[in-house]
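Structure first, then comments.
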Number of protein chains: 2
Amino acid sequence: MAYRNVMYICSMQQQTYLKGCLSAIVLQLLQDNKRMYGYEITQKVREITAGELQLTEGALYPTLHKLEAEGVLSTENSLVDGRNRKYYKLTETGHQQAQSAVSELADFVSNLQKILNLKPSLG
Amino acid sequence: MAYRNVMYICSMQQQTYLKGCLSAIVLQLLQDNKRMYGYEITQKVREITAGELQLTEGALYPTLHKLEAEGVLSTENSLVDGRNRKYYKLTETGHQQAQSAVSELADFVSNLQKILNLKPSLG
DNA sequence: TTTAATACATAAGAAAATTTGGCATATAGA
DNA sequence: TCTATATGCCAAATTTTCTTATGTATTAAA
């Protein structure tokens, strides 16, 4: 059985901050790429963040299933090199949801930065 | 009885993204301000983010208690205008923890931005 | 005197991710 | 050939964390 917990090479703390952002990250990636499969998403995030962020499969797949159940994502299966892949892409309504989720996340990030960059107050 | 749920004027979505960041936000504010009390923290965040982020008391107070129990924060009570205030400040070890937590959060924000700003891939 | 603001606190429940396990195929190395 | 690694999907139990809903109490303004 293969060793799975690659996570420990990442910052434990940053993983904590992921809470709540996972759906938005998935939606953003699916706006940038027409279709992606689960494993590909985990690798993409790892690549973009130079290994600093690692989506766990235990978190990702339930999220994908939930988004599909909500009608935000649709799927199509394909067999590649003898291995199954399940591609996800945004539905029509999914595109709208993705845009609003991503813009809200961007706003949140901007608010976080305001807090982090805050100069010491006098008093 | 006073009306409590001021939260509905904020973005529900952004509140979701808060998950996991609350402690780090508190620690950052306490690095910028020698001491703060709970209610003050909620108002400070509201002020900094122009009302876009609202820390709920139900989330904040347990977090403050947890950080105190961990030895990150210490408290002192004071009576102001007939009302009790519980001031929190960073302990010595708290300062170190605050620094690492905040820098990790900053890294996380930077990673999020990489994901959000990602240009569409070819293919 | 009722409402709103200030100020603390707790408890039940939901939401979301983690942990930990499972299944299966392909490939490279010892 | 045996093993580890990489690829690819999934689910259940648990834990963490926040939301929602209260409770208590003082001050001030309408």
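All figures in this text were calculated on a predicted structure; none of them were measured in a lab. So you know, we letter chains A, B, ... as the sequences are listed, proteins then strands, and number each from 1.
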Nearest-Å distance for atom pair [atom1]/[atom2], residues [X] and [N]:
X: Arg85(A); N: dC23(C); atom1: CZ; atom2: P; answer: 24 Å
X: Leu73(B); N: dC8(C); atom1: CG; atom2: C1'; answer: 16 Å
X: Asp81(B); N: dA29(D); atom1: CG; atom2: P; answer: 12 Å
X: Leu55(A); N: dA17(C); atom1: CG; atom2: C1'; answer: 11 Å
X: Lys19(B); N: dT16(D); atom1: NZ; atom2: P; answer: 14 Å
X: Lys44(B); N: dT6(C); atom1: NZ; atom2: C1'; answer: 17 Å
X: Gln54(B); N: dT19(D); atom1: CD; atom2: C1'; answer: 13 Å
X: Tyr61(A); N: dC23(C); atom1: OH; atom2: P; answer: 17 Å

note = Assign each of Cys21(B) and Glu40(A) the nucleotide of DNA chain D bearing its closest heavy atom; nearer the 5' end lies the nucleotide of Glu40(A)
Residue closer to the 5' end of DNA chain D, Pro62(A) versus Val80(A) (nearest nucleotide) = Val80(A)
task = Let me see the working for Asn33(B) and Met36(B) under side chain to side chain contact (heavy atoms under 4.5 Å, CB included), right down to the final yes or no.
result = CA-CA 7 Å; Asn33(B) 304 276; Met36(B) 299 183 84; 3.7 Å; yes
Distance test, side-chain N/O of [X] to OP1/OP2 of [N], below 4.0 Å:
X: Tyr37(A); N: dG8(D); value: yes
X: His65(A); N: dA11(D); value: yes
X: Gln15(B); N: dT19(D); value: yes
X: Thr63(A); N: dA17(C); value: yes
X: Lys66(A); N: dA15(C); value: no
X: Thr56(A); N: dT18(C); value: yes

query = If you look at every strand shown and take non-hydrogen atoms under 4.0 Å, does Arg83(A) touch a base, only sugar-phosphate, or nothing?
reply = base
Which nucleotide in [options] has an atom nearest any side-chain atom of [X]:
X: Tyr39(B); options: dC10(D), dA5(C), dT19(D); answer: dA5(C)
X: Leu22(A); options: dA16(C), dA17(C), dA9(C); answer: dA17(C)
X: Ala59(A); options: dT18(C), dC9(D), dC8(C); answer: dT18(C)

request  = Would you tell me whether Thr75(A) and Glu68(A) have side-chain atoms, one donor and one acceptor, within less than 3.5 Å of each other?
outcome  = yes
query = Under 3.5 Å, is there a donor-acceptor pair between the Gln15(B) and Gln54(B) side chains?
reply = no
query = DNA chain C: Leu64(B) or Gly20(A), which has the more 5' nearest nucleotide?
reply = Leu64(B)
inquiry  = Quick check: on DNA chain C, is the nucleotide nearest Gly58(A) upstream (toward 5') of the one nearest Tyr88(B), or the reverse? Name the residue that is more 5'.
reply    = Tyr88(B)
message = What I want to check is whether an N or O donor and acceptor connect the side chain of Glu57(B) with the base of dC8(C) at under 3.5 Å.
response = yes
task = Using a strict 4.0 Å threshold on nitrogen-to-oxygen distance, state whether Arg35(A) and Glu76(A) make a salt bridge.
result = yes
query = In terms of ring plane angle, is the pair Phe108(B) and Tyr17(A) parallel, tilted or perpendicular, where the classes change at 30° and 60°?
reply = tilted
query = What pair of heavy atoms forms the shortest contact from Val80(B) to Ser78(B), and how long is it?
reply = CG2-OG, 3.6 Å
